Amino acid sequence: MSTHRRTPHRREEMVTLSAADTPGPGRDTPADENSPREEFSRSAPHFADRITADGRDGWPVEAGRYRLVVSRACPWASRSLISRRLLGLEPALSLAVTDPIQDERSWRFTLDPGERDPVLGIAFLSEAYDARETGYPGGVSVPALVDVPSGTLVTNDYHRITLDLATEWTALHREGAPDLYPEAHRDEIDEVAEAVYRDVNNGVYRAGFAEHQRTYEDAYRRLFARLDQLSERLSTRRYLVGDTITEADIRLFTTLVRFDAVYHGHFKCNRNKLSEDPVLWAYARDLFQTPGFGDTVDFDHIKRHYYQVHTDINPRRIVPLGPDLSGWLTPHHREQLGGRPFGDGTPPGPAPEAEAVPAAGRAG
């Protein structure tokens, strides 16, 4: 959940320091440097309505009714981008891509003609939030699903959005869409995904935004301990759960693909680079080269966002030229482990031309 509070010079994440390991409201108070339990946590989504097949929350699945708003820079939004591509939901769920750089008014549509989203007619995502709750004072986050007819935000629940795309939007899936959340493996997917969230997805942020040495060291150690466990797990299996791509792989990939470009240096997660772990590097390349993954990644947006928005970490806003991205396209040989990327399904077709990542953001 990449979030921006509508005050100048704030991080794009709605973050707090809390003793909890799981997402939830926290306290806007500094960490106690003598307490390693005090750590970075992520506030729970404020708007958690669900778009479901039966419309139980008042929002039924309906082709063309909703618009998915993302930043290609944001790992939490990237989950929904990948899921939407794999499931072939492009004709049913339109896409809005924000500028990777926010101002004090939050996520903005300055990439579009007239600096307004052509479908919603708004200049800032915050307008959809205000349409849902007048005077809403909180963080404005992506991914967000907006009801097009009313211009109202439906949900910013980054955790639930992808699960519902996989399980509630099935009537609109493309023919041959994979099952990203197979019922027989859900308990294992949830268990793996929770560990990945706690120590990896959120762990890099806990290290990067740590305000005290002990907090940073705790996050750093837990991050690399978990990466070591994942590397061992993936040394004998192609995917995290079962023999097909699932929600668990999507959630890990969005952090791994950003690791060397931003987390290794910018967030001080520098025990080693991803490219120095033979197993995780091959696994990440395997996914990157799978249709629906790498073709949603914009390294230009990723780097400019992290290095230019996090001015408390990088006050001069200098964006590094490296790393060399050509390695993402090199052979990975993971197919030797077997596995069926899409199960009984098929790969998605090419991305719609209007949604193709610009050349400046592609690997190679």
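Every value quoted in this text rests on a predicted model; they were computed, and no experiment measured them. Worth knowing before you read on, the calculation uses all heavy atoms, side chains too, and leaves out hydrogens, waters and symmetry mates.
- Checked against salt bridge (charged side-chain N to carboxylate O under 4.0 Å, His left out), R72 has no partners two or more places apart in sequence or in another chain.
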### Steps toward ring pair (Phe, Tyr, Trp, His ring centres under 6.0 Å) verdict (Y136, H46)
CA-CA 10 Å; Y136 167 67; H46 184 71; 5.2 Å; yes

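- Contact of the L95 side chain with the V97 side chain is registered, since non-hydrogen atoms from C-beta on lie closer than 4.5 Å.
- When the salt bridge (charged side-chain N to carboxylate O under 4.0 Å, His left out) test is applied to R67, the partners found at least two apart in sequence or on another chain are D117.
- In this view, A284 and L256, L274, W328 satisfy the side chain to side chain contact (heavy atoms under 4.5 Å, CB included) rule, not counting sequence neighbours.
- Contacts of T296 classified as side chain to side chain contact (heavy atoms under 4.5 Å, CB included), with partners at least two apart in sequence or in another chain: L81, I82, R85.
- Counting only N and O atoms by type, the side chains of D147 and T152 include no donor and acceptor under 3.5 Å apart.
- Considering only residues two or more places apart in sequence or on other chains, R285 meets the side-chain hydrogen bond (donor to acceptor under 3.5 Å, both in side chains) condition with T330.
- A 4.5 Å side-chain heavy-atom check between L180 and L87 finds at least one atom pair inside the cut-off.
- Between the side chain of Q289 and the main chain of D286, no donor-acceptor pair closer than 3.5 Å is present.
- Using a 4.0 Å cut-off between a side-chain N of Lys or Arg and a carboxylate O of Asp or Glu, D300 and R304 qualify as a salt bridge.
- Although no hydrogens or angles enter the test, the distance criterion places no donor-acceptor pair under 3.5 Å between the side chain of K303 and the main chain of G361.
- Under 4.0 Å is where a charged nitrogen must lie from a carboxylate oxygen, and between D49 and R132 at least one such pair does.
- Put simply, the side chain of L120 reaches to within 4.5 Å of the side chain of V148, judged on heavy atoms.
- At distances below 3.5 Å, at least one donor-acceptor pair connects side-chain atoms of T167 with backbone N or O atoms of L163.
- Within the 3.5 Å criterion, the main-chain N or O of P100 finds a donor-acceptor partner in the side chain of H305.
- Applying the ring pair (Phe, Tyr, Trp, His ring centres under 6.0 Å) test to F259 and every residue at least two apart in sequence or in another chain returns nothing.
- Applying the side chain to side chain contact (heavy atoms under 4.5 Å, CB included) test to T162 and every residue at least two apart in sequence or in another chain returns R79, S80, S83, E247, R251.
- Looking only at side-chain heavy atoms (C-beta outward), L145 and I51 come within less than 4.5 Å of each other.
- Side-chain atoms of N314 and Y306 include no donor-acceptor pair closer than 3.5 Å.
- Between T98 and F109, some side-chain heavy-atom pair lies under the 4.5 Å cut-off.
- In this structure P352 satisfies the side chain to side chain contact (heavy atoms under 4.5 Å, CB included) test together with E90, E355, sequence neighbours excluded.
- Between the side chains of Y181 and D164, no donor N or O sits under 3.5 Å from an acceptor N or O.
- Between Y197 and H159, the closest side-chain pair of non-hydrogen atoms is not below 4.5 Å.
- R334 places a side-chain N or O within donor-acceptor distance of the main-chain N or O of R237, the cut-off being under 3.5 Å.
- For residues 313-324, no pair satisfies salt bridge (charged side-chain N to carboxylate O under 4.0 Å, His left out), with sequence neighbours left out.
- Remark: side-chain polar atoms of E232 are not paired, donor with acceptor, to backbone N or O of D228 under 3.5 angstrom.
- Side-chain N or O atoms of R258 include none that pairs as donor or acceptor with a backbone N or O of Y263 at under 3.5 Å.
- Donor-acceptor pairing under 3.5 Å is lacking for the side chains of D157 and T155.
- A distance of 6.0 Å or more separates the ring centres of H332 and Y283.
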Would you list the atom pairs, donor with acceptor, under 3.5 Å between side chains in residues 337-350 and any protein atom, with sequence neighbours excluded?
residue	atom	partner	partner atom	Å
R340	NH1	D344	OD1	2.8
T346	OG1	R174	NH1	3.0

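- A heavy-atom distance below 4.5 Å is not found between the side chains of W59 and T52.
- Identified under the ring pair (Phe, Tyr, Trp, His ring centres under 6.0 Å) test for residues 222-252, with sequence neighbours left out: Y220-F224.
- Every residue two or more places apart in sequence or in another chain was checked for a ring pair (Phe, Tyr, Trp, His ring centres under 6.0 Å) with H173, and none qualifies.
- V241 pairs with exactly one of R186, E191, H185 by the side chain to side chain contact (heavy atoms under 4.5 Å, CB included) rule, that one being H185.
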#### Entry: Derivation of the side-chain hydrogen bond (donor to acceptor under 3.5 Å, both in side chains) call for Y129 and S141
CA-CA 9 Å; Y129 277 70; S141 68; 3.1 Å; yes

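- Judged by distance alone, with hydrogens and angles left aside, the side-chain atoms of D249 form a donor-acceptor pair with the main-chain N or O of T246 at under 3.5 Å.
- For W107 (side chain) and V140 (main-chain N/O), a donor-acceptor pair under 3.5 Å exists by modelled atom type.
- We find that R362 and D298 are not joined by a salt bridge, their nearest charged nitrogen and carboxylate oxygen being 4.0 Å or further apart.
- Inter-residue side-chain proximity for E115 and R108 is flagged as unmet; no heavy-atom pair is nearer than 4.5 Å.
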